[in-house]
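A short worksheet on the structure shown next.
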Amino acid sequence: MEPKFWHERWRDNEIGFHQTDTHAFLLNYWPTLNLAPSAHVLVPLAGKSLDMMWLRQQGHSVTGVELSPIAIAQFFNEAGLEPKRSPHGPFTASTADQITVLAGNFFDLTAADVAAVTAVYDRAALIALPPEMRAQYARHLADILNPGTQILLIAIDYTPSESDGPPFSVSPTEVQSLFNGSFSIEPLQSRDRLSASDTLRRRGVTRLAETAYKLTRTP
């Protein structure tokens, strides 16, 4: 999607994708990554996700990347934090309590920016992107992440003809196609989420599966 699309969604408060609870798959499967509490975690297309606060509460340093300054301001305000802002290459960094959110385009992120990162949490990045950008996203992660870096990826799968995204349907087959060769891929759990998604049901979606994967960057 063009940046203008997301800026308009946040400006108009059309953020039905935002969740008000910590994601169940994060609670259940983050411990399986066996990270040190001091591990540095990257959250792409972070929005104002409460999951960043949960990750910080586990002891992690967190770096989020988000296009919308509105989302970033709301995140820190709702967390009761007053961030310090500073330039960071093409980004503006907002930092408080070892959480930094970079305002800008995820694809401008470099390997130097994430040199300390050992894990990635993607709840809503891959599924926010149309097909051609999903391939670009997977390639970019492969380019910038160190070998051994783990990703907890959450994707949804529905019949694409029933709805235009976002969120987009990303099937298990597509996850394999996007990441195979650069990452090892371990499906963790799949569950039916149709009853929990009023937005997609109103669009006419009749089947909705949500799947968690553990990916590991291979040498």
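Side chains included, hydrogens not; waters and symmetry mates left out as well; all remaining heavy atoms used. Start at 1 with the first residue, then count along the sequence.
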To the nearest 0.5 Å, what is the distance between CG on Leu33 and OG1 on Thr216?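 Going from CG on Leu33 over to OG1 on Thr216, the span is 8.0 Å.
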Check: Pro87 and Thr92 side chains under 4.5 Å, non-hydrogen atoms: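 They are not in side-chain contact.
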Side chain proximity check, Val120 to Val41, heavy atoms < 4.5 angstrom: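 When only atoms from C-beta onward are counted, Val41 and Val120 do not touch, as no gap falls below 4.5 Å.
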Test side-chain hydrogen bond (donor to acceptor under 3.5 Å, both in side chains) on His40 and Thr63 and set out the steps. CA-CA 8 Å; His40 195 141; Thr63 296; 2.7 Å; yes
Scan [range] for pairs that pass salt bridge (charged side-chain N to carboxylate O under 4.0 Å, His left out), counting only residues two or more places apart or in two chains.
{"range": "residues 157-169", "answer": "Asp157-Arg207"}
{"range": "residues 33-44", "answer": "none"}
{"range": "residues 105-121", "answer": "none"}

So, using side chain to side chain contact (heavy atoms under 4.5 Å, CB included) as the criterion, who are the partners of [X] when residues are at least two apart?
{"X": "Asn34", "value": "none"}
{"X": "Pro131", "value": "Arg134"}
{"X": "Gln57", "value": "Met53, Trp54"}

Provide the full list of ring pair (Phe, Tyr, Trp, His ring centres under 6.0 Å) pairs with a residue in residues 75-99, sequence neighbours left out, each pair given once.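 Applying ring pair (Phe, Tyr, Trp, His ring centres under 6.0 Å) to every pair that reaches into residues 75-99, excluding sequence neighbours, yields nothing.
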Show every ring pair (Phe, Tyr, Trp, His ring centres under 6.0 Å) that has at least one partner inside residues 115-139, sequence neighbours left out.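 Pairs touching residues 115-139 that pass the test: Phe106-Tyr137.
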Going by atom type alone, with no hydrogens or angles, which donor-acceptor pairs under 3.5 Å involve a side-chain atom of residues 175-190 and a protein atom two or more places apart or on another chain?
{"unit_1": "Gln189", "atom_1": "OE1", "unit_2": "Tyr29", "atom_2": "OH", "d": "2.8"}
{"unit_1": "Ser190", "atom_1": "OG", "unit_2": "Thr211", "atom_2": "OG1", "d": "3.0"}

How far apart are the C-alpha atoms of His60 and Trp30, what are their side-chain angles, what is the distance that settles it, and do they pass the side-chain hydrogen bond (donor to acceptor under 3.5 Å, both in side chains) test? CA-CA 12 Å; His60 303 314; Trp30 193 256; 3.0 Å; yes
Could you tell me whether a side-chain N or O of [X] sits under 3.5 Å from a main-chain N or O of [Y], the two making a donor and an acceptor?
{"X": "Asn105", "Y": "Phe107", "value": "yes"}
{"X": "Arg217", "Y": "Gln150", "value": "no"}
{"X": "Glu210", "Y": "Arg193", "value": "no"}

Holding to side chain to side chain donor-acceptor pair (under 3.5 Å), I want the full list of residues that pass it with Gln136, two or more places apart in sequence or in another chain.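 By the side chain to side chain donor-acceptor pair (under 3.5 Å) rule, Gln136 matches no residue at all.
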Who passes side chain to side chain donor-acceptor pair (under 3.5 Å) against Thr100, sequence neighbours left out?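 Once residues adjacent in sequence are excluded, the partners of Thr100 under the side chain to side chain donor-acceptor pair (under 3.5 Å) criterion are Thr95.
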I'd like a table of donor-acceptor pairs (distance under 3.5 Å, sequence neighbours excluded) in which one partner is a side-chain atom from residues 138-149, with atom names and distances.
{"unit_1": "His140", "atom_1": "NE2", "unit_2": "Leu109", "atom_2": "O", "d": "2.8"}
{"unit_1": "Asn146", "atom_1": "ND2", "unit_2": "Ala115", "atom_2": "O", "d": "3.0"}
{"unit_1": "Thr149", "atom_1": "OG1", "unit_2": "Asn146", "atom_2": "O", "d": "2.7"}

